[in-house]
Amino acid sequence: MSLPTINPTQTKAWQELKAVFEEEKDITILDFFNAEANRTENFSIQFEDLFLDYSKNRISAKALKSLIKLAEDCELKKAIEAQFSGEIINKTEGRAVLHMALRSSENLNLDGEDLKDAIDRTKAKMKAFVEKVENGDWKGYSGKGITDIVNIGIGGSDLGPQMIVDALSYYHNDLKTHFISNVDGDHVAETLKQLDPETTLCIVVSKSFTTQETLTNANTVRDWFLKHTTQTEISKHFVAVSANVNSAKEFGIAEDNIFPMWDWVGGRFSLWSSVGLSIACSVGYNNFESLLYGAQKMDLHFRNEDFSNNIPVVLGLIGIWYNNFYQAESEAIIPYTQYLQKLAPYLQQACMESNGKGIDRNGKTVNYQTGSIVWGEPGTNSQHAFFQLMHQGTKLIPADFIGFKKPLNDLQKHHDILMANFFAQTEALMNGKNEQTVIAELKASGKSNSEIKELTPFKIFEGNRPTNTILFDKLTPETLGKLIAMYEHKIFVQGVIWNIFSYDQWGVELGKQLAKAVLKDFQSTDNSIHDPSTQALINYYKAK
Ligand code: F6P
């Protein structure tokens, strides 16, 4: 069993959806509310401490029913089982996709290997490592304990851990955690300025251990250590997370200090594996386990719940509705917590590296839109930045608003203001402000008739801008695990329906290849290697 290869546009449900769209495209969200007394109840899902309200969407019960039918016609259930049971669903790389196994309590056998056993052994190794560092028993070259952890990696070996470490700042222990990812030397230089080599421990995270940025940064950091201590002592300051043990050893990392990564865990889904070592170091091993536990709960919900009550499925289908029928190009992620300031960059890789594909699972060019552009920033800051365009611009931007009922710090007044803004924004996006109200307000403010006439068009808000509200009780490691797993599964749902392979990323290879060639060509005197524009730019750069 592998993934189905159904062109979604050829299904009966797609034809139905086209008809529903034609019938309903001019109906506003407010019209839907007016026509349906129980819309809020009907368009919301409670799962434990997670409440999803998707009633503020341009979607009717009829459209939703056809979207669910689309999921059925595209054999989503079969696809979910294929994924969870370890089928080789990442066909172009010949790999299973089993990041869920990292947070599962079930046994799973893959090609005769007991995954649970391998995972449990790795977790035990992570736990022992974290405790040793936390307790001060892991000593640097001068005998001092560790104060600072540096994660050196990029893409999935950086974004996930960095986002979680930042999101869980409230739960941090005394260790300081840093991330070096960009090959821009200023990134490593500025980070090293904050560090003392005697008390710094680096985690080199690279599944392949061939990534140019990571190896360049790791070598620079090693040179920095070598200014202070000897080659032999340096092993006290480096551990690695990699599937390529030999290369990690060649770099000089002791075999005992190499944590495994598996073929069946994709980079952008790897924070649950030993790639999450920096997370476990910064919040303690038990909190890391709670993160996994939350994700496991979402996995079970996703695997077992009916589609109509299944949060990742419903969110995935709503995304398809806007992307493929309303032709929306992007979606915004607006967390109302500063702790989730790195969520959007993380989701950009998770969503866009996964579903930014134009070839379907039959190897044919798709003739419909796939992956949407994901972007966002926390509220309320974003309200003072790009919300103008969301309220009055010409583009349709469906948005996820993510909030928490309780604050972490004891500043309830702030939290009430924050959440008042949250609810006000989703209300304003939906309701807008009509001409009558604008005129009445201008009159009340004492404007003359001619001023009112002139100003009115600028002050009207069309409204009818869709949002999902995702509310948790409180930001904890467990709720964060649920939230991230929810988005992972949403990505999968959409990839299955779009009939694309979500777990490869061939599109990043060409740039990598060319960067190596260009670097070599910096030394060349041949002026005809590249296209005229690129060659002229290289020459301009070389003339420094
Ligand atoms: O950007 C492409 C990519 O392969 C990502 O998928 C991956 O997360 C990142 O590079 C880092 O790869 P590695 O962990 O092998 O260094």
Side-chain angles (χ1 to χ4, degrees), residues 89-99 102 122 126 150-165 179-184 187-188 202-222 238-253 257-279 342-357 371 373-374 484 487-488 491-492 495 500-516:
I89 63 164
N90 176 358
K91 201 170 157 201
T92 66
E93 295 180 334
R95 291 171 177 161
V97 178
L98 280 170
H99 47 276
L102 298 163
T122 302
M126 285 174 75
V150 183
N151 188 96
I152 306 174
I154 196 164
S157 298
D158 165 74
L159 288 163
Q162 196 180 159
M163 178 272 294
I164 302 274
V165 166
F179 291 85
I180 301 175
S181 53
N182 201 325
V183 76
D184 175 3
H187 196 183
V188 60
C202 297
I203 311 175
V204 184
V205 185
S206 178
K207 184 174 172 181
S208 58
F209 224 86
T210 58
T211 304
Q212 188 185 42
E213 291 94 329
T214 303
L215 294 188
T216 307
N217 281 324
N219 279 311
T220 301
V221 175
R222 187 176 52 187
F238 278 96
V239 301
V241 178
S242 186
N244 183 352
V245 176
N246 287 339
S247 296
K249 272 169 43 187
E250 267 165 40
F251 176 85
I253 296 174
N257 295 340
I258 301 172
F259 293 78
M261 257 188 102
W262 293 286
D263 207 37
W264 37 269
V265 181
R268 54 192 174 274
F269 301 94
S270 63
L271 69 90
W272 321 99
S273 70
S274 36
V275 171
L277 203 54
S278 55
I279 303 172
K342 301 214 166 112
L343 181 63
Y346 162 78
L347 285 177
Q348 283 173 337
Q349 189 203 16
C351 300
M352 289 154 79
E353 197 166 270
S354 297
N355 286 341
K357 315 278 164 71
I373 300 159
V374 176
I484 301 307
Y487 277 115
E488 286 181 345
I491 292 163
F492 175 71
I500 52 176
F501 287 116
S502 297
Y503 294 115
D504 59 19
Q505 56 285 316
W506 300 109
V508 297
E509 293 306 320
L510 179 59
K512 285 187 195 172
Q513 234 174 38
L514 284 183
K516 282 188 187 140

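These numbers come from the heavy atoms of this one structure, side chains and all, not from hydrogens, waters or symmetry mates. Each ligand, and each atom within it, is numbered from 1 in the order the structure gives. This is a predicted model, so every value here is computed, not measured.
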Quick check on contacts: which atoms of ligand 1 are under 4.0 angstrom from a heavy atom of [X]?
{"X": "Glu353", "value": "1 (O), 2 (C), 5 (C), 6 (O)"}
{"X": "Thr211", "value": "12 (O), 13 (P), 15 (O), 16 (O)"}
{"X": "Lys512", "value": "2 (C), 4 (O)"}
{"X": "Ile154", "value": "9 (C), 11 (C)"}
{"X": "Ser206", "value": "13 (P), 14 (O), 15 (O), 16 (O)"}
{"X": "Gln349", "value": "5 (C), 6 (O), 8 (O)"}

Closest protein heavy atom (residue, atom, distance) for atom 2 (C) of ligand 1: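 Ranking protein heavy atoms by distance from atom 2 (C) of ligand 1, first comes Val508 CG2, 3.4 Å.
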
for atom 15 (O) of ligand 1, nearest protein heavy atom and its distance come out as Ser208 OG, 2.6 Å

- Run the numbers on Ile258 and Phe209 for side chain to side chain contact (heavy atoms under 4.5 Å, CB included), then give the verdict. CA-CA 12 Å; Ile258 301 172; Phe209 224 86; over 6 Å; no

Original post:
Does the pair Asn244 and Ser208 meet the rule for a side chain to side chain contact (heavy atoms under 4.5 Å, CB included), with working shown?
Top reply: CA-CA 6 Å; Asn244 183 352; Ser208 58; 5.8 Å; no

Without swapping roles, check the side chain of Ser242 against the backbone of Lys207 for a donor-acceptor pair under 3.5 Å.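 Between the backbone of Lys207 and the side chain of Ser242 there is a qualifying donor-acceptor contact (under 3.5 Å).
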
Requested in this report: Could you tell me whether the side chain of Asn217 and the main chain of Glu213 form a donor-acceptor pair under 3.5 Å?
Outcome: yes

Nearest heavy atom to atom 14 (O) of ligand 1, choosing from Gly160, Ser157, Gly156, belongs to Ser157

Audit row: Met261, Ser270, side chain to side chain contact (heavy atoms under 4.5 Å, CB included) steps and yes/no
CA-CA 8 Å; Met261 257 188 102; Ser270 63; 3.9 Å; yes

* Asked: What about Tyr487 and Tyr346, are their ring centers closer than 6.0 Å?
  ->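 Not close enough - the centres of the two rings lie 6.0 Å or further apart.
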
The salt bridge (charged side-chain N to carboxylate O under 4.0 Å, His left out) partners of Glu509 (sequence neighbours excluded) come to Lys512

Evaluate Lys207 for polar contact with ligand 1, using N/O atom pairs at a separation under 3.5 Å.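 Yes, Lys207 has an N/O under 3.5 Å of an N/O on ligand 1.
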
